[in-house]
Amino acid sequence: MLARKSIIPEEFGLPGLASRLPRKPVFRDRVNKARFIAKNGSCNLAHKNIREQGRFLQDVFTTLVDLKWRFTLVIFTTTFVSSWLLFAMSWWLVAFAHGDLDSRDLDPDQAWSNKTFCVTNVKSFISAFLFSIEVQVTIGFGGRMITEHCPTAITVLIMQNIIGLIINAVMLGCIFMKTAQSNRRAETLIFSRHAVIAVRNNCLCFMIRIGDLRKSMIIGATVRLQVVRKTTTPEGEVIPIHQIDVPTETAVASNSLFLLAPLIICHVIDKHSPLYDLSAMELQCSDLEVIVILEGVVETTGITTQARTSYVSEEIQWGHRFVPIVTEEEGVYSADYSKFGNTVKVTTPRCSARELDEKPSILIQTLQKSELSHQNSLRKRNSMRRNNSMRKSAASGAGLRRNNSGLAAPKVQFFTPTDGGGQNANAVT
């Protein structure tokens, strides 16, 4: 049986009308790509499913140094208290085996005259614990002491001294290394918040600024740039973290810097650069990350330090340039760190470096426009200064005229008789 057709046409039905209603656009939040290196230099990488946990115990010292302070202090305290308790038990067993604990109920003078002790005045486990602390920490209050009548006690004394020295060396060395870690020095090595791309020496360049807040220098400072991005090989292999080294223009043959004042690290975007094919629009849509690594030797301690940071595409400003912050004042160079990350907008082509190489006229036209805009701004500035000076001179002239008019001499009129009997008035000032 065939279905009956509706009298109302389909385009005027409820589904048809609903389909023709205007729909509101749906805005979805952009999913931020995970950074490989955070802005503070920490690595954003989680190690999971590590089966061979025993490898960390093979390098106990490094494991202790890498632990957090609260765990280090707990292990420090636990190790010493455990060693004191262990040897306290040993001293109590020595005293028990030698029979020193049987003379607790005797008169002290009778015990001293008729009994030879391994350790004097060790009458309980608490006194053995106190003697263990005195031996290992070398306090020596004098109330408890070892005698020469017990070779076993002498052996325990030697073992406790050796083990106590080893524990002291390991734990104190661990505390020293944690307080003198190189990443503490990296706290005063700063990077600009944003990176910039602008024309420099007729080339498109990627630039960042680095600085050192301390007066003690970083010897043999080196800067390395790496671009991290997700790539796919022609064979179809996906490399989630592909690291590409990026050369810098500031580096010399030894790739060393003299980091006395804040420096601008410049990378020329040429045909060997991973940024060669990126324009301003393509850069904002890309998922690349530029990692900056600053290494050097601390002048005061001789420890190698390393500072890291990274810049994602949202933190790269196209068409900006860093403002100068080093000036000469009264024969001394000064650096104003309040303007460390400040940038100024400059005329820069929005195309990629490849297009600039293929069409050099784009760069020439851009530079000409920049020169014209600079000249126009200078003209406007000079005209504004000229107008202001004219206004000031006019205002000062009007003020002088008012003052002169107030100081003018009063007019005096003289009347001279005429033939007709009238008088003529002559005014004289």
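Values below: every heavy atom of this structure, side chains too, minus hydrogens, waters and symmetry copies. Keep in mind that this is a model prediction, so the values were computed, not measured.
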**Asked** Can you name the salt bridge (charged side-chain N to carboxylate O under 4.0 Å, His left out) partners of Glu299, sequence neighbours left out?
**Response** none
**Asked** Does Phe176 CZ have over 12 foreign heavy atoms under 6.0 Å away?
**Response** no
**Prompt:** Between the main-chain N or O of Ser334 and the side-chain N or O of Glu329, is there a donor-acceptor pair closer than 3.5 Å?
**Reply:** no
**Message:** Quick one: does any side-chain atom of Asn201 pair with a main-chain N or O of Cys203 as donor and acceptor, under 3.5 Å?
**Reply:** no
**Prompt:** What do the steps show when you test Val119 against Val94 for side chain to side chain contact (heavy atoms under 4.5 Å, CB included), and what is the final call?
**Reply:** CA-CA 9 Å; Val119 181; Val94 168; 5.6 Å; no
**Message:** Which label fits Trp84 and Phe80: parallel for a plane angle under 30°, tilted from 30 to 60°, or perpendicular past 60°?
**Reply:** tilted
**Request:** Hey, could you give me the CG/CD1 distance between Leu263 and Ile265, rounded to the nearest 0.5 Å?
**Result:** 5.5 Å
**Asked** According to the side-chain hydrogen bond (donor to acceptor under 3.5 Å, both in side chains) rule, which pairs have a member within residues 65-77, sequence neighbours left out?
**Response** none
**Prompt:** Cut-off 3.5 Å, side chains only: do Glu282 and Ser352 have a donor facing an acceptor?
**Reply:** no
**Message:** Just checking Arg214: does its CZ atom have more than 12 heavy atoms from other residues, nucleotides or ligands closer to it than 6.0 angstrom?
**Reply:** no
**Prompt:** Is it true that atom CD1 of Ile126 has more than 12 heavy atoms of other residues, nucleotides or ligands lying nearer than 6.0 Å?
**Reply:** no
**Asked** Partners of Lys359 by salt bridge (charged side-chain N to carboxylate O under 4.0 Å, His left out), sequence neighbours excluded?
**Response** none
**Prompt:** Can you tell me how far OH of Tyr311 sits from CG of Leu225, rounded to the nearest 0.5 angstrom?
**Reply:** 9.0 Å
**Fill in**
Residues passing the disulfide (SG to SG under 2.5 Å) test with Cys174, sequence neighbours excluded, are none
**Request:** Enumerate the residue pairs fulfilling ring pair (Phe, Tyr, Trp, His ring centres under 6.0 Å) with a member in residues 183-238, sequence neighbours excluded, ordered by first and then second residue.
**Result:** none
**Request:** Answer yes or no: are there more than 12 heavy-atom neighbours, outside Lys39 itself, under 6.0 Å from its atom NZ?
**Result:** yes
**Request:** Report yes if the distance between the aromatic ring centroids of Trp91 and Phe87 is under 6.0 Å, otherwise no.
**Result:** no
**Request:** Enter the distance from Leu165:CG to Gln136:CD here, rounded to the nearest 0.5 Å.
**Result:** 9.0 Å
**Request:** Measure the spacing between CD1 of Ile133 and OG1 of Thr138 and express it to the nearest 0.5 Å.
**Result:** 12.5 Å
**Prompt:** Under 3.5 Å, is there a donor-acceptor pair between the side chain of Ser127 and the main chain of Ser124?
**Reply:** yes
**Message:** Applying disulfide (SG to SG under 2.5 Å), can you list everything that pairs with Cys205, at least two apart in sequence or on another chain?
**Reply:** none
